[in-house]
Amino acid sequence: MGFMERLQKGLSRSREALSEIFYMGGEVDEDFWEDLTDRLVMGDIGGEVAMQVTDDLREQAARENLVRPDQLRSALAKRLAQAFTPAERDPFSDLPSCVLFVGINGAGKTTTVGKLAGAAKSAGQGVVIGGADTFRAAAIEQLQVWGDRAHVPVITRERGGDPASVCYDVLDAAEKNNSQLVLIDTAGRLHTSPELMRELEKVVRVTRKRADGVFPVSVILVIDATTGQNGLAQAREFNDALDIDGLIVTKLDGTAKGGIAIAISHELKLPIYRIGVGEGIEDLQSFDALSYTTALVGDVTA
């Protein structure tokens with residue numbers, strides 16, 4: 001199964017909620033525009049984006065004499081793609097690079113780190129994993145399994161050790177081994193806990209200081225798409241505290257609200273680097289805005 005097929009399959013629940021409007025026949029009238037706006041909002045795209053997109057499409061329909069809903073499907077995919085913030089660089093291919101993964105428990109950080117490490121190793125990149133989640137023994141064990149599978153070294157400390165020290169150690173190991181990609185998993189943090197967020201700020205600060213002049217550091221927030229609007233609230237808090245560089249959105253195959261990716265990227269002006277549309281390692285893919293919105297809308301011709 002190719003990437004587009006996996007993306008189409010992964011976004012099936014989100015697509016069903018949005019694309020029905022294009023199969024109902026009829027004309028593009030006032031009811032159509034109201035229904036389109038409502039469906040965009042219910043898909044967690046956000047009220048502001050929904051109204052902007054609807055207004056732009058309304059103007060395009062009048063200008064190009066588009067009188068049927070199916071004629072607007074491709075236009076909607078293209079307009080939604082414009083709402084995403086584009087990435088200036090890909091921290092997983094523009095090397096050397098050090099990436100810190102942050103987010104709440106259960107978002108999929110550890111699995112994402114493992115999948116990315118395996119993919120990088122398969123591509124011939126020198127990669128090392130840092131297990132800075134020293135609070136959960138299971139997280140360290142899970143990373144070690146991924147590391148063993150991909151033949152990638154995993155640097156960590158005993159349970160309860162200082163997470164910032166792990167970041168220092170993994171960068172030392174990367175320099176010693178001439179590794180070009182450093183992937184660091186951090187402990188899950190509730191975005192509503194100032195104390196935990198301050199601890200994470202320390203981890204980011206130490207990593208940036210140690211990596212200065214050697215590895216550009218990117219702080220990437222891993223968001224579980226099934227959390228919907230709560231994911232947007234998480235992103236706001238993490239971005240305020242840590243000055244996030246970008247996003248990875250996981251579990252898109254388990255939600256009918258795939259529009260949340262658009263809402264977060266647009267509101268916070270953050271690029272999306274990868275998306276997860278399934279459990280397999282091949283289901284974590286590079287993000288392409290038009291491919292995403294084409295799968296979301298259901299237009300295979302866009």
Side-chain angles (χ1 to χ4, degrees), residues 1-3 5-7 10 87 89-103 107-134 136-157 163 165-188 203 207-208 210-211 214-223 245-253 271-288:
M1 185 183 295
F3 166 66
E5 289 80 7
R6 287 196 295 272
L7 187 59
R89 67 180 287 266
D90 183 346
F92 304 109
S93 61
D94 186 2
L95 307 179
S97 181
C98 173
V99 183
L100 276 163
F101 296 81
V102 301
K109 292 187 307 302
T110 303
T111 300
T112 296
V113 171
K115 289 180 178 180
L116 287 166
K121 183 69 174 182
S122 295
Q125 298 173 355
V127 56
V128 59
I129 296 172
D133 183 353
T134 60
R136 290 193 309 129
I140 297 173
E141 293 172 3
Q142 188 179 357
L143 274 182
Q144 195 61 62
V145 169
W146 279 105
D148 291 344
R149 185 182 303 167
H151 304 290
V152 171
V154 177
I155 310 300
T156 188
R157 290 199 171 194
S165 297
V166 173
C167 300
Y168 205 96
D169 291 345
V170 72
L171 286 164
D172 279 349
E175 285 192 275
K176 180 179 179 181
N177 298 330
N178 294 317
S179 300
Q180 293 293 292
L181 180 61
V182 179
L183 306 174
I184 302 177
D185 182 31
T186 68
V203 170
T207 302
R208 285 177 169 155
R210 172 61 183 82
V214 182
F215 291 91
V217 175
S218 300
V219 181
I220 294 182
L221 176 63
V222 180
I223 288 283
D245 293 289
L247 307 164
I248 290 178
V249 184
T250 63
K251 307 182 186 180
L252 281 160
D253 55 315
I272 297 174
Y273 297 118
R274 298 289 187 274
I275 52 173
V277 292
E279 295 295 326
I281 190 169
E282 71 280 358
D283 294 320
L284 183 68
Q285 292 286 333
S286 295
F287 177 76
D288 176 79

Can you tell which of [options] makes a side chain to side chain contact (heavy atoms under 4.5 Å, CB included) with [X]?
X      : options                        : result
Leu181 : Ile129, Val152, Leu95          : Leu95
Lys109 : Thr186, Ile220, Leu221         : Thr186
Arg274 : Val222, Leu116, Thr112, Val249 : Leu116

Quick check: closest heavy atoms across [X] and [Y], and the distance to 0.1 Å?
X      : Y      : result
Ala117 : Val127 : O-CG1, 3.9 Å
Pro271 : Asp245 : CD-O, 3.3 Å
Val154 : Gly147 : CG2-CA, 3.9 Å
Cys98  : Ile184 : SG-CD1, 4.0 Å
Arg157 : Thr134 : O-CG2, 4.3 Å

Do side-chain atoms of Asp283 reach the backbone of Gly276 as a donor and acceptor pair under 3.5 angstrom? no

Do Lys115 side-chain atoms and Glu279 backbone N/O form a donor-acceptor pair below 3.5 Å?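 Yes, because the side chain of Lys115 sits within donor-acceptor range (under 3.5 Å) of the backbone of Glu279.
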
Nearest 0.5 Å, what's the CG-CH2 distance between Leu183 and Trp146? 12.5 Å

With a 4.0 Å cut-off, would you call Asp169 and Arg210 a salt bridge?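 Between Arg210 and Asp169 there is no salt bridge, as every charged N stays at least 4.0 Å from the carboxylate O atoms.
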
Do Gln144 and Thr156 touch side chain to side chain, with heavy atoms closer than 4.5 Å?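 Result no, sub-4.5 Å side-chain heavy-atom pair not found.
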
Just wondering, do Gln180 and Phe215 contact through their side chains at under 4.5 Å, heavy atoms? no

